[in-house]
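Okay, so here's the structure we're looking at.
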Amino acid sequence: MPKIGDALKRVVEDRLQDVQPVRARSGETSPLMNLNRRKLFQCLCHHPCSALGQIVEYTGLSRSTASWHLDMLEKSGYVQSDGLKFKYYYPAGFISPENVSLFATLAIPANHKIHASILQNPGSDAGSIASLIDLPLNRARKAIKELSSYHLIVKTIDGRFARYYPTSRFVEVMSEEAKTRKQFIGKIVKRLSEERLMPEIDEMKGPDIVITLKVRGTKETLVIPRKINFNEKDLTNYCII
Amino acid sequence: MKKIKSGVYGLNRLMDGGINQNTITAVIGSSGAGKTTFATYFLKRGLEQGEDAIFITLDEEPKQIIKEVIQMGWDNVEDYLDSGAMVFVDAGGKQFSEFIKNELSGFVEEWKGYNARIVIDPLTPVLWSVTHRYEQRDIVSFLLRETRKIGTVVCTLEEHTVMGDLSGPDLVIPMYLADNVIHLRYKSHESPERRDLKIIKCRSSRHSSFWHPYKIVKGSGLIIQEAILAAEATSRFEDMSSKLSKALESMTAAKRKLLTPAMIQSIQRTVDMLSKEDIGEMDPDYIIHQILSEYGLLE
């Protein structure tokens with residue numbers, strides 16, 4: 001005679017096929033149980049599309065350590081990488097696919113300094129910009145060309161000078177990405193829950209969402225920026241995506 | 001409303017005779033309070049009277065729970081597993097949520113009217129598997145509403161915040177929706193450590209509203225203390241078997257007819273285990289009385 005317990009077991013446990021491949025249990029390891037990986041993941045949430053060199057600078061980890069753990073995070077689906085000339089990393093699902101290359105361009109230090117400078121000083125010419133941020137002129141011109149290709153800045157000719165102004169494109173992209181980030185946070189919490197890290201969201205701490213995890217009996221935190229803290233006049237806040 | 005025995009010695013009388021059949025009981029407590037033990041002995045009690053038992057685990061692996069259950073004195077649990085009377089369902093929070101949303105109603109339709117004993121341990125990951133409060137309420141409400149139709153459910157909930165503070169978002173929703181709510185308070189920081197139980201809610205039944213000390217005892221699960229008898233308290237019950245024999249002899253003829261060989265064996269096993277355990281100041285006659293009451297052998 002069929003038993004209810006067996007029937008329920010079959011129906012529920014069949015669902016295992018639909019669940020993410022990395023599934024932690026007591027005694028098994030979620031990728032984010034490791035401190036260095038949490039550090040790297042958190043770093044990428046604050047500095048998406050960073051190259052390995054930048055990540056090493058932000059986290060203080062050695063190249064080999066960072067590289068190893070990024071590889072683990074990529075294999076487990078927490079992180080994605082891209083880039084032909086320079087490989088960069090970002091949290092999976094953090095940025096819409098169509099905007100990844102734009103963020104990658106902005107993540108290059110010279111590019112983001114130029115963009116921030118133009119935001120602060122619209123109508124500047126390349127020489128002034130380069131001088132202001134202490135960058136070689138040819139490097140500044142290269143950055144300007146890249147930013148223009150993503151319609152982040154626009155050139156106008158004023159007599160002999162080419163002057164550069166920010167467009168609304170950046171604000172539009174950040175606004176689009178706010179929705180992506182919200183979905184990202186939801187997915188991350190679900191995955192952390194599935195991996196039995198018992199995530200608890202603290203929504204009361206300013207611009208960041210602090211997620212408390214239970215890792216081997218102790219509480220650890222993961223800090224994910226809630227939204228772009230964008231202020232056209234404030235260069236510091238520009239960096240927080 | 002039909003009552004079923006809880007499997008927790010001393011609890012039935014605090015709930016007007018037991019747990020109402022086809023209800024949901026939420027057992028809340030911090031780590032170590034005895035939630036899983038409570039749930040396990042709830043199932044054991046049902047198995048002993050021929051009911052099916054389902055243990056849905058969303059945290060620990062089944063083999064770990066079975067190992068702990070055996071260590072805690074339920075040494076024939078594997079017999080029930082082998083016979084299929086008891087089943088472990090191993091599910092993550094997301095997985096179980098998907099089942100609740102997509103498959104539960106169909107499953108319940110097929111098995112409606114079945115009277116199983118079901119444990120969900122813990123329910124907390126189901127709440128965490130959805131982000132918004134209204135979704136949490138929806139999924140828990142639906143789960144509890146449907147599972148009532150196929151049996152009586154005990155779900156455990158983890159107390160993560162300050163001890164005694166049951167206002168946390170993960171507790172409020174299930175507490176509101178459950179028929180019965182029992183709080184296990186574990187003061188591990190005190191010396192000696194202390195455990196107390198309180199029935200916060202018990203729909204459609206009278207219930208105690210006091211804190212009752214309890215102990216977790218190998219072979220018996222939770223034993224709730226009614227009162228500490230300081231003068232006659234003994235810490236070891238060497239001659240529990242003879243006390244049991246005397247209690248059985250004093251039973252009425254009508255009650256003696258209710259005794260089955262399986263029942264005698266189960267009671268004897270429990271008492272034998274108790275003989276080897278230290279249960280502090282609890283009165284041995286009170287314990288025997290509670291055990292026999294649990295089996296309906298005393299008034």
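Just so it is clear, the structure is predicted and the values come from calculations on it, not from any experiment. Atoms considered below: every heavy atom in the structure, side chains included; atoms not considered: hydrogens, waters and symmetry mates. Order of the sequence lines sets the chain letters (A, B, ...), proteins ahead of strands, with each chain counted from 1.
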### Query
Where on B:Phe88 is there a heavy atom nearer than 4.5 Å to chain A: the side chain, the backbone, both, or neither?
backbone

### Task
Could you tell me whether A:His115 and A:Phe170 have their ring centroids closer than 6.0 angstrom?
yes

#### Entry: Which portion of B:Val87 sits near chain A, non-hydrogen atoms under 4.5 angstrom
side chain

### Query
At their closest point, which heavy atom of A:Ser193 faces which heavy atom of B:Pro125, and how far apart are they?
OG-O, 3.8 Å

### Query
Contact part of B:Ile118 toward chain A, heavy-atom cut-off under 4.5 Å: side chain, backbone, both or neither?
neither

### Task
Assign the ring pair A:Tyr78 / A:Phe41 to parallel, tilted or perpendicular, where the plane angle (0 to 90°) is split at 30° and 60°.
perpendicular

### Task
For each of B:Ala116, B:Ala53, B:Gly84, tally heavy-atom pairs with chain A at distances under 4.5 Å, and name the one with the top tally.
B:Gly84

### Query
Are A:Lys75 and A:Asp71 close enough for a salt bridge, meaning some N to O gap below 4.0 Å?
yes

